[in-house]
Amino acid sequence: MAKRYWLFKSEPNCFSIEDLQNEPHQTACWDGVRNYQARNLLRDEIKKGDRVFFYHSNAKPPGIVGICEVVRSGYPDYTAQDPTSDHPDPTATPQNPIWYMVDVKLKEILPEMIPLNTLKETPGLEEMMVCQRGARLSVQPVTPEQWAIVMNLIKRKK
DNA sequence: GCCAACGTTGGC
DNA sequence: GCCAACGTTGGC
């Protein structure tokens, strides 16, 4: 199975890339996703070894702040079954967990973030989902071409 | 803080 | 199954 690429959004005041860095082994489970389209990606498509852009949404400015690796493929998000969690779902059970998550490990915090503005201005990224108006999906596919273009932007800043 | 875009809910 | 109302997301 070829390696695939993704973009995960998080609000920095909720879970920032620094928070990920502070986790043991710089690894965290990407829990709390409660959207079916994103759930399907987490459950079926996102596999160990895939690469992920860590994106800060609702930030000033918003943008890509780091690179992660998926270290565990989709498995049930048991936090949905915990009434004291941040995103409980009373209909989720061990037999029918409904919601899924993956584990991600931090590879790199970018010395300089790539703001959304830059992505929008970069040729070849016009079709990138995060650049589209009203793209709310919190877990998004990234094509290999888009990944390479963004990696070039990152290299250029170093 | 505003508001456009989107997803979900629920009455019918 | 339609669709209006509502809640949420997230850029600005």
Side-chain angles (χ1 to χ4, degrees), chain A residues 4-23 28-46 50-68 70 74-104 106-143 145-154 156-157:
Chain A
R4 295 176 69 184
Y5 303 97
W6 310 94
L7 180 144
F8 287 8
K9 285 193 223 170
S10 184
E11 302 194 17
N13 57 11
C14 175
F15 186 79
S16 72
I17 196 153
E18 288 81 16
D19 291 331
L20 177 58
Q21 187 176 39
N22 290 333
E23 293 282 333
C29 44
W30 202 264
D31 62 347
V33 174
R34 300 291 180 263
N35 167 283
Y36 284 103
Q37 209 180 335
R39 185 282 307 268
N40 292 346
L41 294 175
L42 289 168
R43 184 188 58 190
D44 305 328
E45 306 289 339
I46 303 176
D50 288 357
R51 292 300 162 97
V52 175
F53 287 134
F54 195 119
Y55 178 90
H56 276 173
S57 62
N58 250 320
K60 35 185 181 40
I64 294 172
V65 292
I67 298 166
C68 304
V70 177
Y75 63 106
D77 179 354
Y78 51 78
T79 70
Q81 300 165 41
D82 176 1
T84 67
S85 80
D86 288 337
H87 307 278
D89 180 351
T91 64
T93 65
Q95 290 72 35
N96 182 24
I98 305 179
W99 304 111
Y100 283 74
M101 61 186 174
V102 300
D103 289 354
V104 293
L106 179 66
K107 301 284 288 183
E108 179 188 3
I109 294 183
L110 303 185
E112 208 179 323
M113 75 149 12
I114 308 289
L116 176 60
N117 241 356
T118 302
L119 298 175
K120 285 181 171 173
E121 289 167 358
T122 301
L125 297 183
E126 296 87 356
E127 306 286 313
M128 197 171 176
M129 192 180 285
V130 77
C131 295
Q132 308 306 309
R133 188 156 200 261
R136 287 167 44 178
L137 196 61
S138 65
V139 167
Q140 306 182 352
V142 174
T143 68
E145 293 77 18
Q146 291 162 352
W147 181 275
I149 292 171
V150 175
M151 290 307 290
N152 272 330
L153 288 178
I154 292 168
R156 215 176 304 164
K157 290 214 176 193

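Protein chains get the first letters and strands the later ones, always in sequence-line order, with residue 1 at the start of each.
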- request: Ignoring hydrogens and angles, tell me if any N or O in the side chain of A:Thr122 forms a donor-acceptor pair with the backbone of A:Thr118 under 3.5 Å.
  value: yes

Scoring nucleotides 2-12 of chain C by protein non-hydrogen atoms under 4.0 Å (B base, S sugar-phosphate only, - none) yields -----BBBBBS

message = Any side-chain to backbone donor/acceptor pair from A:Gln21 onto A:Ser16? Under 3.5 Å, distance only.
response = no

For A:Ile64 and A:Tyr55, the nearest pair of non-hydrogen atoms, with its separation, is N-CD1, 3.9 Å

Assign each of A:Tyr36 and A:Arg133 the nucleotide of DNA chain B bearing its closest heavy atom; nearer the 5' end lies the nucleotide of A:Arg133

Heavy-atom nearest pair, A:Gly32 first then A:Asp77, reads N-OD2, 2.8 Å

Q.
Tell me whether the rings of A:Trp30 and A:Phe54 are parallel (<30°), tilted (30 to 60°) or perpendicular (>60°).
A. perpendicular

